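Presented below is the structure to which this report refers.
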Amino acid sequence: MNMDTIVSLCKRRGFIFQSSEIYGGAGSCWDYGPLGVELKNNIKRVWWRDTVHLRPDMVGLDASILMHPTVWKASGHVDHFSDPMVDCRACRHRFRADKLDETPWVHFCPTKTDARFEVPAGERCRHCGARRTLCPECGKGELTPPRQFNLMFKTYTGPVEEDAALTYLRPETAQGIFVNFDNVLQSMRLKLPFGIAQIGKSFRNEITPGNFIFRTREFEQMEIEFFVNPNETIDGRPADEVWHERWIEERLAWYHRYGIRPENLRVREHEKEELAHYAKRTADIEYRFPIGWSELEGIANRTDYDLKQHARFSGKSLTYFDEERKTHVVPYVIEPSAGADRSLLAFLVDAYREEEVRGEKRVVLRLHPDLAPTKIAVLPLLKKRGEIVATAHEIRSLLARWWVTVYDDTAAIGRLYRRQDEVGTPYCVTVDVQTVGDVDKGEAGDQRVTIRDRDSMQQIRVPIAELPTVLRQLLEGGTWQQVGGRYGIGG
Ligand code: GAP
């Protein structure tokens, strides 16, 4: 499966649109459409529920995007948050110097008359054996020597654009947590180990954004800073190291829980030279994206670096009083840092299936019910029968109290099912003649409707009065076989 398939589905079915499309688009900025916003909200909601509400050792925070500019000096972002950039002297294209070998390159091969080739990333030309030395984009221009380019977006607070008013859009949500460490600790009377979690927008002026929503300049992060007492040991090992391993396991399990296939996830340790200036150890959870294995989430041991830096620059004490040892300590921090947009891309890619059903292609998003943008679609079998349509509308209004439920009568039932499959709706409820009866023929309806399961395409017939109970069981963890089995599953 390639990225274009997902991009096209996202646009066609209202998940993601290019930003400012009517003006020709804004580079690497994307807007979430009606289904995309539901999916992203669901990802953030289950992350928050599992991370904050279900854990006894976690609290939440929502810090502002604009912060005191010294925050970024203290954190090291002003001095270190940069990528090496090179320019092509001919076509003026810009590249990250450290990623040049990860892009395919254009080559004018001297051994061929029709000489323009695209050579796969990192490989030599298979005709002349040359390696890339010129611009990968135009194949002709020399590249400038690398220079450091700071990725933070600059802006000004107040009406005057002067250096004194210079500040930055936050490039990570993490610093909002560190600078609030003492506020949260004191107000919530917390004991180590504990975590502070936050979801919010971050901004990076990436040199080479791209691959749809994988790398953008504006994105959302779901970050945890988990504070650990560095003087403690667990089973004879430093507590920070043990907690780091626990968080790697926990975060991997989280992606599995919401449907990502284990064979598409792996953990990659950062090499020593690759480690950020603050990190003792970092492990990335990588996903097998259509562009290859790439980072989905980073889990770093940031040590006491950030709290010490902010204490030094602010002159405020950012310590924890260890009652047992009667001493002040600066906690170590384990940081599982996930991208909401990148997770959404991984969930979409992993859920996407093309199947053959009775000789026809069926596209289905096998999204976990907690993530699916629409939980239930209510469909009338015949839209010309007033009682059927009225009953379907009543059922939609009833179910919408608890779940995102839509009504659709714009096509024949087979098409309607396929449309819902394509956007991952787990259950369709169909109202038919048997449900409402036929007054002209003097036939009473049985007040039962059909529930169709997205994944198996099997059906059961359920009394309308029992619909909320049955759907609750299905959407809250009951299997189709268990729940549907009580009603006689049909094809
Ligand atoms: N506070 C640590 C931190 O920000 P990071 O590895 O730079 O670490 C964490 O970012 C996560 O944020 C990444 O794993 C990715 O999911 C997401 N992310 C980072 N840069 C991104 C970008 N330009 N576009 C989309 N998501 C991004």
Side-chain angles (χ1 to χ4, degrees), residues 3 16 19 27-30 32 40 43-44 47 61 63 65 67 71-72 75-77 80-83 96 98-99 149-153 168-179 195-226 244 247-248 251-252 254-255 260 265-270 274-287 289 291 293-303 305-307 309-310 333-349:
M3 196 72 100
I16 302 173
S19 165
S28 96
C29 297
W30 300 92
Y32 287 85
K40 195 164 161 192
I43 292 170
K44 292 189 284 184
W47 184 92
L61 182 77
I65 288 172
M67 301 174 76
V71 168
W72 306 110
S75 66
H77 283 82
H80 301 293
F81 197 58
S82 49
D83 281 335
R96 261 179 74 172
D98 56 334
K99 299 280 176 193
F149 173 76
N150 194 291
L151 300 186
M152 283 198 295
F153 277 101
Y168 305 92
L169 301 188
R170 68 179 176 199
E172 61 172 12
T173 60
Q175 298 304 324
I177 298 181
F178 296 128
V179 300
I196 305 178
Q198 175 166 224
I199 298 177
K201 289 255 180 175
S202 294
F203 302 83
R204 295 181 190 176
N205 201 0
E206 300 279 2
I207 299 167
T208 43
N211 291 316
F212 194 32
I213 54 168
F214 179 83
R215 192 180 308 284
T216 50
R217 295 192 169 110
E218 172 183 342
F219 54 96
E220 255 178 304
Q221 291 187 306
M222 307 186 290
E223 295 202 296
I224 300 163
E225 304 304 329
F226 196 79
H244 198 171
W247 274 111
I248 295 169
R251 295 301 304 146
L252 262 180
W254 189 82
Y255 290 107
I260 297 215
L265 287 170
R266 71 179 187 192
V267 175
R268 187 184 71 81
E269 287 292 330
H270 280 212
E274 199 189 345
L275 283 176
H277 58 278
Y278 50 72
K280 170 173 163 184
R281 176 191 169 197
T282 299
D284 285 347
I285 295 183
E286 294 191 332
Y287 178 72
F289 286 100
I291 50 170
W293 286 103
S294 308
E295 178 186 339
L296 176 59
E297 168 162 353
I299 306 172
N301 183 341
R302 290 180 81 128
T303 66
Y305 176 84
D306 300 272
L307 289 179
Q309 284 291 99
H310 288 303
V333 175
I334 306 302
E335 178 195 64
S337 173
D341 313 80
R342 223 176 257 189
S343 301
L344 184 145
L345 183 60
F347 283 121
L348 270 183
V349 167

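Because the structure is predicted, anything quoted here is derived from the model rather than measured. Both counts, for ligands and for their atoms, begin at 1 and track the order of listing.
In summary, the atoms of ligand 1 found under 4.0 Å from a heavy atom of E295, numbered by their order in the structure, are 6 (O), 13 (C), 14 (O). Heavy-atom proximity to E223, at under 4.0 Å, picks out these atoms of ligand 1: 1 (N), 2 (C), 3 (C), 4 (O). Contact atoms of ligand 1 toward E172: 1 (N), 2 (C), 3 (C), 4 (O) (distance under 4.0 Å to a heavy atom of the residue). Listed by number with element, the atoms of ligand 1 under 4.0 angstrom from any heavy atom of E206 are 22 (C), 23 (N). Taking a cut-off of under 4.0 Å to the non-hydrogen atoms of R302, the atoms of ligand 1 that pass are 1 (N), 2 (C).
The shortest N or O to N or O distance between L296 and ligand 1 is below 3.5 Å. Polar contact check, G339 against ligand 1: a nitrogen or oxygen pair lies under 3.5 Å apart.
In this structure, of E218, E297, R170, E335, the residue bringing a heavy atom nearest to atom 2 (C) of ligand 1 is E335.
For the pair R217 (side chain) and E206 (backbone), a donor-acceptor distance under 3.5 Å is present.
Ligand 1 is approached by T216 to a heavy-atom distance shorter than 4.0 Å.
Side-chain contact check for L345 versus Y287: every heavy-atom pair is 4.5 Å or farther apart.
Summarising the geometry, atom CD1 belonging to I43 is positioned 4.0 Å from atom CG belonging to L344; distances are rounded to the nearest 0.5 Å. Atom-to-atom distance recorded for E172:CD and F81:CZ is 7.0 Å, nearest 0.5 angstrom.
Cation-pi geometry between R342 and F214 is satisfied (NZ or CZ under 6.0 Å from the ring centre, within 45° of the ring normal).
Checking P336, S337, S202 one by one against E223, the side-chain contact (heavy atoms from CB on, under 4.5 Å) holds for a single residue, S337.
No part of R217 comes within 4.0 Å of ligand 1, judged by heavy-atom distances.
Between W30 and F212, the two ring planes are perpendicular [angle over 60°; tilted spans 30° to 60°].
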